[in-house]
Amino acid sequence: MILFHASYVEITKPDILHSRVEVDFGRGFYMTPLIGQAEKWCEKFRKKGKAAILNQYNFNEEALTKCRVLRFDSYSEDWLDFIVNCRRGRDKTEYDIVMGGVANDKVFNTVELYNDELIDKAEAIKRLRYEKPNAQIAFRTQKTIDRYLRFEGSWTL
């Protein structure tokens with residue numbers, strides 16, 4: 001499977017050391033199989049006056065049977081609980097890979113309303129039901145990155 005990572009630099013050797021902790025799926029190296037989504041992610045670098053570089057990787061899907069994988073096929077209560085725990089820095093799970101929907105701007109607003117206890121879980125799920133999930137894959141262990149991900153190249157947008 002081909003995966004993409006948006007950045008302002010070429011990343012030939014991905015690592016989790018340079019990632020933030022309190023994000024959707026916790027500390028990890030984040031990618032997407034959707035090139036259009038990765039191109040949109042590059043826009044944030046352009047807006048800051050930086051280069052917009054799209055890195056491409058080949059993902060050996062054997063990892064999906066050999067590693068500890070958590071997969072969310074839709075926005076759900078489990079997805080919402082996991083996102084909130086990760087964003088609060090409370091995730092203690094030991095998954096190698098987490099796959100699922102992105103908390104984009106509209107989704108993020110719903111998650112924040114729930115996180116701030118301004119809406120309950122039922123209302124959050126009701127709102128999320130209308131959102132089409134984009135795809136993100138977080139590689140959460142360096143061992144998994146090193147074993148199953150191969151840099152293919154990069155280009156500037």
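Position 1 is the first residue of the sequence; numbering continues from there.
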Exercise. Can you find a heavy atom in the side chain of F25 that is under 4.5 Å from one in the side chain of M99?
Worked result: no
For this session: Just jot down the salt bridge (Lys or Arg N to Asp or Glu O under 4.0 Å) partners of R68, sequence neighbours excluded, or say none.
Result: E94, D96
For this session: Taking all heavy atoms of A135 and all of W41, pick out the closest pair and write down the distance.
Result: O-CH2, 4.4 Å
Exercise. Quick one: side chain to side chain contact (heavy atoms under 4.5 Å, CB included) partners of F151, sequence neighbours excluded?
Worked result: E10, T12, N55, Y57, S154
For this session: Taking ring-ring contact (aromatic ring centres under 6.0 Å, His included) as the test, write out the residues that go with F4, two or more places apart.
Result: none
Exercise. Quick one: does I137's side chain get under 4.5 Å of I97's, heavy atoms only?
Worked result: yes
Problem set entry | Which atom of P14 lies closest to which atom of L149, heavy atoms considered | CG-CD2, 4.2 Å
Exercise. Who are the side chain to side chain contact (heavy atoms under 4.5 Å, CB included) partners of T93, not counting sequence neighbours?
Worked result: F82, D91, Y95, R140
For this session: State which residues pass ring-ring contact (aromatic ring centres under 6.0 Å, His included) with Y148; sequence neighbours excluded, sorted by chain then number.
Result: none
Exercise. Just by modelled atom types, is the E62 backbone N or O under 3.5 Å from a matching donor or acceptor in the N60 side chain?
Worked result: yes
Problem set entry | Ion pair R150/E152, N-O distance below 4.0 Å | yes
Exercise. Can you name the residues that form a side-chain hydrogen bond (donor to acceptor under 3.5 Å, both in side chains) with D146, not counting sequence neighbours?
Worked result: Q142
Problem set entry | Nearest heavy-atom neighbours spanning C42 and L54 | SG-CD1, 4.0 Å
Problem set entry | Side chain to side chain, F139 and T141, heavy atoms closer than 4.5 Å | no
For this session: List for me each residue that meets side-chain hydrogen bond (donor to acceptor under 3.5 Å, both in side chains) alongside S76, sequence neighbours excluded, and say none if there are none.
Result: none
For this session: Would you please name every residue forming a side chain to side chain contact (heavy atoms under 4.5 Å, CB included) with N85, sequence neighbours left out?
Result: R90
Exercise. How many angstroms lie between atom CG of L113 and atom CD1 of I119, to the nearest 0.5 angstrom?
Worked result: 5.0 Å
Exercise. Quick one: side-chain hydrogen bond (donor to acceptor under 3.5 Å, both in side chains) partners of R88, sequence neighbours excluded?
Worked result: N115
Exercise. Is there a donor-acceptor contact under 3.5 Å from the side chain of W79 to the main chain of G100?
Worked result: no
For this session: Report yes if the side chains of T110 and L80 come closer than 4.5 Å at any heavy-atom pair, otherwise no.
Result: no
Problem set entry | With E123 via side-chain hydrogen bond (donor to acceptor under 3.5 Å, both in side chains) - residues at least two apart | R127
Problem set entry | NZ/NE/NH1/NH2 to OD/OE distance under 4.0 Å, E43 and R46 | yes
For this session: Taking side chain to side chain contact (heavy atoms under 4.5 Å, CB included) as the test, write out the residues that go with E61, two or more places apart.
Result: M1, F59, L64
Problem set entry | Over 12 non-hydrogen atoms of neighbours within 6.0 angstrom of NZ in K121 | yes
Problem set entry | Closest non-hydrogen atom pair, I16 against F29 | CG2-N, 3.8 Å
Seminar exercise, completed: Note: with side-chain heavy atoms under 4.5 Å as the link, the other cluster members for I53 come out as none
